[in-house]
Amino acid sequence: MQRNQWAIARRYFPFVRPHLPLTAAIVGIGILQLGASLVTPWMTKIIIDHILVRRDGTWTLGQAMALLGGSFALGIVLQFIRGLFTASLWVRTVRDLRSRLYRHLQTLSARLL
């Protein structure tokens with residue numbers, strides 16, 4: 001990050017700090033989402049190596065497709081939940097910013113307005 005980006009992050013962090021559990025949930029769901037997306041290349045390997053070439057009987061095409069479809073569905077659900085949590089975090093943060101601005105405006109002299 002550049003120097004001015006760090007300055008912005010330092011000014012923004014006090015507004016996010018009260019919502020750290022929600023932020024941690026967003027990061028955790030993102031990691032789960034990453035894990036769900038990594039099932040696709042792994043299942044492609046299983047389909048090519050164990051089903052199409054060797055036919056060793058440990059995997060069937062139906063099992064592989066069910067796991068692949070389940071990982072896609074899980075990824076979609078996680079993406080939806082993460083979007084909800086992210087929107088909630090932004091709404092709460094903007095509310096806190098507006099509240100702080102309003103409190104600051106209340107301390108100003110009416111003569112300046």
Tell me who clusters with Trp90, hydrophobic residues only, linked when side chains sit under 4.5 Å apart either directly or through other members. Tyr12, Val16

For residues 40-47, which side-chain N or O atoms pair as donor and acceptor with protein atoms under 3.5 Å away, sequence neighbours left out?
unit_1: Thr44; atom_1: OG1; unit_2: Thr40; atom_2: O; d: 2.8

With sequence neighbours left out, what residues match Thr58 under side-chain hydrogen bond (donor to acceptor under 3.5 Å, both in side chains)? Asp56

Considering residues at least two apart in sequence or located in another chain, which fulfil the side chain to side chain contact (heavy atoms under 4.5 Å, CB included) criterion with Arg11? none

Qualifying residues under side-chain hydrogen bond (donor to acceptor under 3.5 Å, both in side chains), relative to Arg92, sequence neighbours excluded: Ser88

According to the salt bridge (charged side-chain N to carboxylate O under 4.0 Å, His left out) rule, which pairs have a member within residues 14-39, sequence neighbours left out? none

Show me the donor-acceptor pairs within less than 3.5 Å that the side chains of residues 77-86 make with the rest of the protein, sequence neighbours left out.
unit_1: Arg82; atom_1: NH1; unit_2: Gln33; atom_2: OE1; d: 3.2
unit_1: Thr86; atom_1: OG1; unit_2: Arg82; atom_2: O; d: 2.7

Ile26 versus Leu89, closest heavy-atom pair with distance: CD1-CD2, 3.9 Å

Under 6.0 Å from the CZ atom of Arg95, do we count more than 12 heavy atoms belonging to anything else shown? yes

My understanding is that a hydrophobic cluster links ILVMFWY residues whose side chain heavy atoms are under 4.5 Å apart, including indirect links. Using that, what else belongs to the cluster containing Phe15? Leu97

Looking at residues at least two apart in the chain, or sitting in another chain, which of them share a salt bridge (Lys or Arg N to Asp or Glu O under 4.0 Å) with Asp96? none

Thr60 and Gln63, any side-chain heavy atoms less than 4.5 Å apart: yes

Across all chains, not counting sequence neighbours, the side-chain hydrogen bond (donor to acceptor under 3.5 Å, both in side chains) partners of Arg103 are Ser99

Please go through Val94's hydrophobic cluster and name the other residues, only I, L, V, M, F, W, Y counting, with side-chain heavy atoms under 4.5 Å joining them. none

Working to the nearest 0.5 angstrom, can you tell me the gap between Leu34 CG and Ile29 CD1? 14.0 Å

Looking at every non-hydrogen atom in both residues, tell me the closest pair between Trp59 and Leu67 and how far apart they are. CH2-CD2, 4.0 Å

Linking I/L/V/M/F/W/Y whenever their side-chain heavy atoms sit closer than 4.5 Å, directly or via other members, would Leu52 and Leu61 fall into one cluster? yes

Would you mind reporting whether Thr107 and His104 have side-chain heavy atoms less than 4.5 Å apart? yes

Taking all non-hydrogen atoms of both residues into account, name the closest pair between Ala36 and Ser71 and its distance. O-CB, 3.8 Å

